[in-house]
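Input: a single structure, listed below in structure tokens.
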Amino acid sequence: KKMVYYFGGGKAEGKADMKLLLGGKGANLAEMTNLGLPVPPGITITTEVCKEYFEKGCQFPEGMWKQVLEGLAKIEEEIGKKFGSKENPLLVSVRSGAPVSMPGMMDTILNLGLNDETVKGLANSTGNERFAWDSYRRFIQMFGNVVMGIPHDKFEALLEKKKEEVGAEADVDLTAEDLKDLVKQYKELVKKETGKNFPQDPYEQLRMAIKAVFDSWNNPRAIKYREINNIPKDYGTAVNIVAMVFGNMGETSGTGVAFTRNPSTGENVFYGEYLKNAQGEDVVAGIRTPQPLTKVQKTSSDQTSLEEEFPEVYKQLEKIREVLEKHYRDMQDIEFTIENGRLWMLQTRTGKRTARAAVKIAVDMVKEGLISKEEAILRVDPLMINQLLHPMIDEEDRKKAIAEGRLITKGLPAAPGAVSGMVVFSADEAVELAEKGKKVILVRHETSPEDIHGMHAAQGILTSRGGMTSHAAVVARGMGKTCIVGAESIHVDYENEEFRVGDVVVKKGDVITIDGATGEVFLGEIKTIPAQISGEFKELMKWADEIRDLQVRVNADTPEDAKQGREFGAEGIGLCRTEHMFFKEERIPVVREMILAKTEEERKRALSKLLPMQREDFIAIFKVMNGLPVNIRLLDPPLHEFLPRTEEEFERTAKEMGLPVEEIKRRAEELHEVNPMLGLRGSRLGIAYPEIYEMQARAILEAACYCKKEGIEVLPEIMLPLIADDKELEELKKLIDKVAEEVFNEIGIKVQYQVGTMVEVPRAALIADQLAKYAEYFSFGTNDLTQMTFGLSRDDSGKFIGKYVELGILKGDPFMHIDENGVGQLIKLAVEKGNKVRPNMKTGICGEHGGDPRSINFFQKVGVKYVSPSPFRVPIARLAAAQAKI
Ligand code: PEP
Ligand code: MG
């Protein structure tokens, strides 16, 4: 069985589409090799080997080692060096590479193959003693940490002490002699910590490193990352063993990372960072702040760009940028190293980007002829659109804050959004406070994979070190969190739980505001405004609208929500919940009067007070939705929800109604239900108290007539909730039609209206054909339909549903993603039955699932005509509907 794939000398055994087997890194190294790009030779051990390794209780499968040695021999031949040689040793990097990129989550070891003998060979063969010993001390540090489990800090402490001793400002100021001594100290540390000598046999080092990379697949931070990002736990990781090229050989060497387009804005410009005389980890770890790749990226005159420093290498990189973009037809994130002026490519992968960049890149690439409109639509994750709708800082308030001296510093704008929150300095604390409902901003020197849970819990992240590709920046962008990095004037003091900028001290718990679009950090809270939508976004949405079949409406109970929905592209209101109009503070007394009325007379009197209020509500909404359908649902919740609860409320109500408190309490008692969700609610209210629905129908139709007279185009739809039987529906439709006739006669004008039903009781789905005789349309209330089909309380299941998902009993929360096999089948059946009675019947979704991309895909398949989510989900639904069609 083939367990190891070779690449080198312009030819590779693997290719880009073998990611599942070779991991992302391995597959792309192979692809770049085949493209003729300068990639150092290497081998990839497959993810299948990783799986077998775990199945065998953490043992290498038989035959693997032999294949590794054969591969190593090919590398030696290609590069003309020998592994373990005392004259001209081959060194390798050993890196993880999962099928889905998990940045910084798993282990990497560089400079492997060094020992007390080969380090001398390296010094001789390169004529650079300092470099050789620097590589050796880096190797012991990394191997000691990653493979032998010695805390990184212990090595760092020795390094810092050494620097102090000899008066070196930076690592690069240490001499060969200093480094030799440091190596000695490092080895002693290893012995002290583990009781073992640092392994001298390069083959033993290699075996241990491979094992460590496999094991890192199951380290806690990788497990957490997979959980958050929905990455299957059985993928496993590949291991890449690649000939080392050295960015730490001196002033003509360096290492960097770059994006073929700006990952934050999407602009079509080369964008990246590099460090001279450094190895790859130095950039990502955010230890030194890197220099910009290009001239235009420079923000101050004491920076030197790679473009200026290494013009030849830069030109070559520009060409590679072009080759890669043409080939992959997507923005790439690359790693490179310059060894004595010579460029080497160490990685390429599809670059992570903000939503704003994702949209811009997708639209630009269509215009550049690289991809089709359909591909562009598929490239943007609908849920990411949320980010675009992120708030921005209110300009007026910003100016005010600056005038007040509250702008304390500026860092690099790593991920957009403007957020305020309490400062915390540890990931655990961020989680703790977030769980209590607090908004927090995590402030760190830099973040590491150990901080993932805290980053997830925080509103935003602020670091004092690191660049745009540091851990914090990359991870925050992926999560859609606001983030500022490299705010260097901030001095973070973990011990005293505070940070300082000049003489400003910000303590734990103080509120700050960070703007991830500009990098600005403010004291206190600042007003934010809703995001503005770019031209590219509008263009992409236009394409989505051209492609999709599913219509998108909006759930809105107020003119404001209706307006917001319409601005986001909604094609009508799919659900207007009228009870929200009852709940208004000043109306509650009248509503109570209606509910507590003893006689029909009394009730009608109260209703006549409510009628003009409701009519005004509908007029306002019809005006906003001019020309678009508005689906209004008659009263749904059990009446007792409106009743007084506290003693104080009882007394007030009694006073208002001129009745004794005892009387009010008795009436309230009478309305009490053991199981109100299955009690007197929905259309059952309409049957029990027809006057209520009569009033609502009248308010809707009077409003419609009034608007029509004003020249507004009204398309009212009147919807009956919680219908379970066709007789119920027949009765209530008759009532509405009777009211309509009266209203039209009184006002002397007619309006087209429709009467429809919600399908939210399983029985309604089962007898949908009988309902379709009376209902002109169906709207699936998937919240209740899920609740009643599962027999699972929508208000209480949150407490235990997580357990079901964790155990794999349920694939996801059925209130979030539609349960295709159960609830979904009822929807399918009802659509079919409805269509039999009314060909091409109008059917829609008005439950939460109407804004969930995964569910939308299913609704498209079963022939539903529209979905109706809350306003901010409208753009998401439009894009998801287009994706469902493609
Ligand atoms: C539903 O049940 O899915 C629905 C839209 O109605 P409500 O959420 O108001 O019960
Ligand atoms: Mg409902």
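Only this structure's heavy atoms are used, side chains among them; waters, hydrogens and symmetry mates stay out. All ligand and atom numbering here is 1-based and tracks the order in the structure.
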Looking only at side-chain N and O atoms, does D784 offer a donor or acceptor that is under 3.5 Å from a partner on Q787?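 The criterion, which ignores hydrogens and geometry beyond distance, is satisfied for D784 and Q787.
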With heavy-atom distances below 4.0 Å as the criterion, list the atoms of ligand 1 near [X].
X	result
L575	5 (C)
D784	1 (C), 2 (O), 3 (O), 10 (O)
C846	5 (C)
R577	4 (C), 5 (C), 6 (O), 7 (P), 8 (O), 9 (O)
R794	2 (O), 7 (P), 8 (O), 10 (O)

For the residue pair K750 and K708, what are the closest heavy atoms and their distance?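 Heavy atoms of K750 and K708 come nearest at O-NZ, 2.7 Å.
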Considering non-hydrogen atoms only, spot the tightest contact between L829 and A765 and give its length.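 Closest approach of L829 to A765, heavy atoms only: CD2-O, 3.9 Å.
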Identity of the N, O or S atom of D784 lying closest to the Mg ion (ligand 2):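 The Mg ion (ligand 2) is closest to the D784 atom OD2, counting only N, O or S.
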Taking the N/O/S atoms of E760 one by one, which is nearest to the Mg ion (ligand 2)?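 Going by distance to the Mg ion (ligand 2), the closest N, O or S atom in E760 is OE1.
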Is the terminal nitrogen or CZ of R794 (NZ for Lys, CZ for Arg) located under 6.0 angstrom from the six-membered ring centre of F815 and within 45° of that ring's axis?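 That pair does not qualify as a cation-pi contact.
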Looking only at heavy atoms of R633, does any of them come nearer than 4.0 Å to an atom of ligand 1?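 The answer is yes, since R633 has a heavy atom less than 4.0 Å from ligand 1.
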Name the residue from M581, E702, R698 that meets the side-chain contact (heavy atoms from CB on, under 4.5 Å) definition with Q614.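 Going through M581, E702, R698 one by one, the side-chain contact (heavy atoms from CB on, under 4.5 Å) with Q614 is satisfied by M581 alone.
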Heavy atoms only: which of N783, T786, L785 lies closest to atom 3 (O) of ligand 1?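 Result: the heavy atom closest to atom 3 (O) of ligand 1 is in N783.
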Would R553 and E717 pass as an ion pair if we require N to O under 4.0 Å?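 Salt bridge flag = yes for E717 with R553.
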Would you please name every residue forming a side chain to side chain contact (heavy atoms under 4.5 Å, CB included) with A775, sequence neighbours left out?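 Partners of A775 under the side chain to side chain contact (heavy atoms under 4.5 Å, CB included) test: L729, T757, F778.
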